[in-house]
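Have a look at the structure below, then the notes.
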Amino acid sequence: MKTVRLRHVAQVNPPSPAFDRLSPDAELTFLPMESIWPDSRLDTSQRRTKSAVATGYTRFQDGDVLVPKITPTFEACRSILVRNLYNGAGAGTTELHTLRAGPKLDPRFLLHLTRTHPFLKLGKAEMYGVAGQQRVPDEFIRNLEVQLPPKTEQRRIADILDAQADRVNKVTDLLNQIIARLDERNASVLDTELDELAKTAGTRPFRRYIAGFDQGSSPQCEAVPAGNNEWGILKVSCLRPGQFFPDENKRLPEELTPSPRHEVQPGDLLITRANTPELVGATAVVPPNTRAKLLLSDKIFRVRTSSQIDPSYLATVARGRRIRALCSASSNGASQSMANLRFEEVKEWPIPAIDLDLQRDLVSQTGQNWELTQAVRERVRRQIFLLKERQQAFVTLAIAGKIDVTNTAATTGR
């Protein structure tokens, strides 16, 4: 096994001949940062025309390895090997390094190399930029010293690591199903309670409780989270039913002036206008002590409610089966991956007409049910974390040549 610098066996951020050969109106795969996840979680469903991504985006083609350069995505081990791209080419966020294996390097081996402890640890140490926006320089990748076995052995190692990753993913899927079942149980309890309230107290359309609403704008932004002292535009991923994630934002470009009237405040009731069909209409209240300088996007409604309703009660009711079904039925979009909701439809949501004390009782009861299952949920997530840690340690040892690969068939079952 010989030691070489990566630039001698792979190209770093090379041109993309497959991209260049396409006509301006040809479609190709588009990868924003939120679509870039390892293995089966990679989302290649989005497409753009070549002319729409001709400038300001990273270009790549089938067989390339994409490595996020920005913190904390780099440390999260989200490198991917892209294959079966639409028309063989793609474009994506500029926060990516493109690695293309040369004739002496197997692309799968290269992918696993980018998931090793040394690669991630050394890359983090070489990051530059201000806190929260540090990036891995391409010079680090070019000059990285790697131990390179013969290509036949690289393939054997890649076979083992692919098989091991497949096993870990299957176990992880089973553990995630446990979490899903816990969530389904809580949802069933909530639906039963809401059905009983609607039956005994009746319902009123949400418009009866609305004092006003607004939404922001969505300027062109790279998918880079804003630092603590910077303005950020909230992404639709900041909302899940009953939950708000302030870190899901994109930094507002310095040349743009923020609109203070669109700044999100603790206690605001937010509703997703556009998202996947499963998440459109997701509703949550911004919790206390949420960081400042977060702005509404045009894909999120902010609703001001009357004194007759607790915003947390509305967010709880919106998690129920009835409103989720209404969102699914009334939303419309240009594709199966994106749906849109009109505020006129939100106004008609049926809300059980109970007084404030009963509203707060329901919110409290729902919160207690969630807390009872949270301990189990956290244990399961801990098991998933440990599995991923073990997998990364295994990858590191294999790439370093410290695992015997002579009996590949027995290890992988091939």
Item to check | Heavy atoms from other residues, nucleotides or ligands near NZ of Lys293 exceed 12 (cutoff 6.0 Å) | outcome: yes
Next on the checklist: Around atom CZ of Arg322, are there more than 12 heavy atoms from other residues, nucleotides or ligands closer than 6.0 Å?
Outcome noted: no
Item to check | Phe245 and Gln243: CA distance, side-chain angles, deciding distance, side chain to side chain contact (heavy atoms under 4.5 Å, CB included) verdict | outcome: CA-CA 7 Å; Phe245 301 93; Gln243 296 178 289; 3.7 Å; yes
Checklist entry - Does one side chain, of Ser40 or Asn169, offer a donor that lies under 3.5 Å from an acceptor on the other? => result no
Checklist entry - Within a radius of less than 6.0 Å around CD of Gln220, do more than 12 heavy atoms belonging to other residues, nucleotides or ligands occur? => result no
Item to check | Non-hydrogen atoms of Val317 and Pro352 that approach each other most closely | outcome: CG1-CD, 3.9 Å
Next on the checklist: Can you confirm whether or not the ring centre of Phe74 sits under 6.0 Å from the ring centre of Phe119?
Outcome noted: yes
Item to check | Thr192 and Glu196 side chains, donor-acceptor separation under 3.5 Å | outcome: no
Item to check | Residues Asn340 and Arg273: side-chain donor-acceptor under 3.5 angstrom | outcome: yes
Checklist entry - Salt-bridged, Asp195 to Lys199, with N to O below 4.0 Å? => result no
Next on the checklist: Does atom NZ (Lys50) have a neighbourhood of more than 12 heavy atoms from anything else shown, all under 6.0 Å?
Outcome noted: yes
Checklist entry - Crowded around Asn143 CG? As in, over 12 foreign heavy atoms under 6.0 Å? => result yes
Next on the checklist: Looking at Arg381, I'd like to know if its CZ atom is crowded, meaning that more than 12 non-hydrogen atoms belonging to other residues, nucleotides or ligands lie closer than 6.0 Å.
Outcome noted: yes
Next on the checklist: Under a 3.5 Å distance rule, please check whether Ser188 uses its side chain to pair with a backbone N or O of Glu184 as donor and acceptor.
Outcome noted: no
Checklist entry - Hey, mind stepping through Val264 and Leu295 against side chain to side chain contact (heavy atoms under 4.5 Å, CB included) and telling me if it holds? => result CA-CA 6 Å; Val264 171; Leu295 299 169; over 6 Å; no
Checklist entry - Does the side chain of Arg377 pick up a donor-acceptor pair with the side chain of Gln374 at under 3.5 Å? => result yes
Next on the checklist: When you compare the side chain of Val395 with that of Leu113, does any pair of heavy atoms fall below 4.5 Å?
Outcome noted: no
Next on the checklist: Between Val303 and Phe343, is there a side-chain heavy-atom distance shorter than 4.5 Å?
Outcome noted: yes
Checklist entry - Are there more than 12 heavy atoms of other residues, nucleotides or ligands under 6.0 Å from atom CZ of Arg379? => result no
Checklist entry - What are the two closest non-hydrogen atoms of Asn249 and Ala226, and how far apart are they? => result OD1-N, 2.9 Å
Checklist entry - Does a side chain donor of either Gln61 or Ser16 reach within less than 3.5 Å of an acceptor in the other side chain? => result yes
Checklist entry - Using a distance-only test with no angle check, is there a side-chain donor-acceptor pair under 3.5 angstrom linking His97 and Asn13? => result yes
Item to check | Under 3.5 Å: donor-acceptor pair, side chain of Asp191, backbone of Arg321 | outcome: yes
Item to check | Heavy-atom closest contact (Pro266 atom, Pro287 atom, distance) | outcome: CB-O, 3.6 Å
Checklist entry - Is the closest side-chain heavy-atom distance between Met33 and Thr73 below 4.5 Å? => result yes
Checklist entry - So, do Phe19 and Phe60 have ring centers that fall under 6.0 Å from each other? => result no
Checklist entry - More than 12 heavy atoms of other residues, nucleotides or ligands under 6.0 Å from CD of Glu254: is that the case? => result no
Item to check | Verdict with supporting geometry, Thr71 and Glu75, side-chain hydrogen bond (donor to acceptor under 3.5 Å, both in side chains) | outcome: CA-CA 7 Å; Thr71 189; Glu75 299 97 304; 2.6 Å; yes
Checklist entry - Hey, does Ile36 have a side-chain heavy atom less than 4.5 Å from the side chain of Ser79? => result no
Checklist entry - So how far is it from Thr44 OG1 to Leu28 CG, rounded to the nearest 0.5 Å? => result 12.5 Å
Checklist entry - Going by heavy atoms in the side chains, are Val12 and Thr98 under 4.5 Å from each other? => result no
Next on the checklist: Please report the interatomic distance CG(Leu96) to CZ(Arg59), rounded to the nearest 0.5 Å.
Outcome noted: 14.5 Å
Checklist entry - When rounded to the nearest 0.5 angstrom, what distance separates OG1 in Thr29 from CG in Asn84? => result 9.0 Å
Checklist outcome for this item: dist Ile351:CD1 -> Leu197:CG (nearest 0.5 Å) comes out at 11.5 Å
Item to check | side chain to side chain contact (heavy atoms under 4.5 Å, CB included) evaluation trace for Asn186 with Leu182 | outcome: CA-CA 6 Å; Asn186 285 342; Leu182 289 171; 5.6 Å; no
Item to check | Sub-4.5 Å side-chain heavy-atom contact between Leu31 and Thr93 | outcome: no
Checklist entry - Can you tell me if Asp62 uses its side chain to pair, donor with acceptor, with the backbone of Leu85 under 3.5 Å? => result yes
Checklist outcome for this item: OG1 (Thr366) and CG (Asn369) are apart, to the nearest 0.5 Å, by 6.5 Å
Checklist entry - Can Arg47 be said to sit on top of Phe30's aromatic six-ring, NZ or CZ under 6.0 Å from centre and within 45° of the ring axis? => result no
Checklist entry - If you measure from the Lys or Arg side-chain nitrogens to the Asp or Glu carboxylate oxygens, is any gap between Arg142 and Asp138 under 4.0 Å? => result yes
Item to check | Presence of salt bridge, Asp106 and Lys151, under 4.0 angstrom | outcome: no
Checklist entry - Side chains of Cys77 and Leu120: does their closest heavy-atom pair fall under 4.5 Å? => result yes
Item to check | Inter-residue atom distance Leu66.CG - Leu99.CG, 0.5 Å rounding | outcome: 8.5 Å
Next on the checklist: Between Arg319 and Arg324, does the side chain to side chain contact (heavy atoms under 4.5 Å, CB included) criterion hold? Intermediate values first, please.
Outcome noted: CA-CA 7 Å; Arg319 288 161 50 193; Arg324 298 305 311 143; 5.6 Å; no
Item to check | Non-hydrogen side-chain atoms of Gln265 and Val286 separated by less than 4.5 Å | outcome: no
Checklist entry - Taking atom types as modelled and ignoring hydrogens, do the side chains of Thr49 and Asp25 form a donor-acceptor contact shorter than 3.5 angstrom? => result no
Checklist entry - Quick one: does Asn87's side chain have a donor or acceptor within less than 3.5 Å of a partner on Ala89's backbone? => result no
Checklist entry - What are the two closest non-hydrogen atoms of Pro246 and Leu234, and how far apart are they? => result O-CD2, 4.3 Å
Next on the checklist: Quick check against the 3.5 Å criterion: does Ser297 have a side-chain atom that pairs as donor or acceptor with the backbone of Lys299?
Outcome noted: yes
Checklist entry - Looking at Trp231, is Arg251 sitting on its ring face, NZ or CZ under 6.0 Å from the six-membered ring centre and within 45 degrees of the normal? => result no
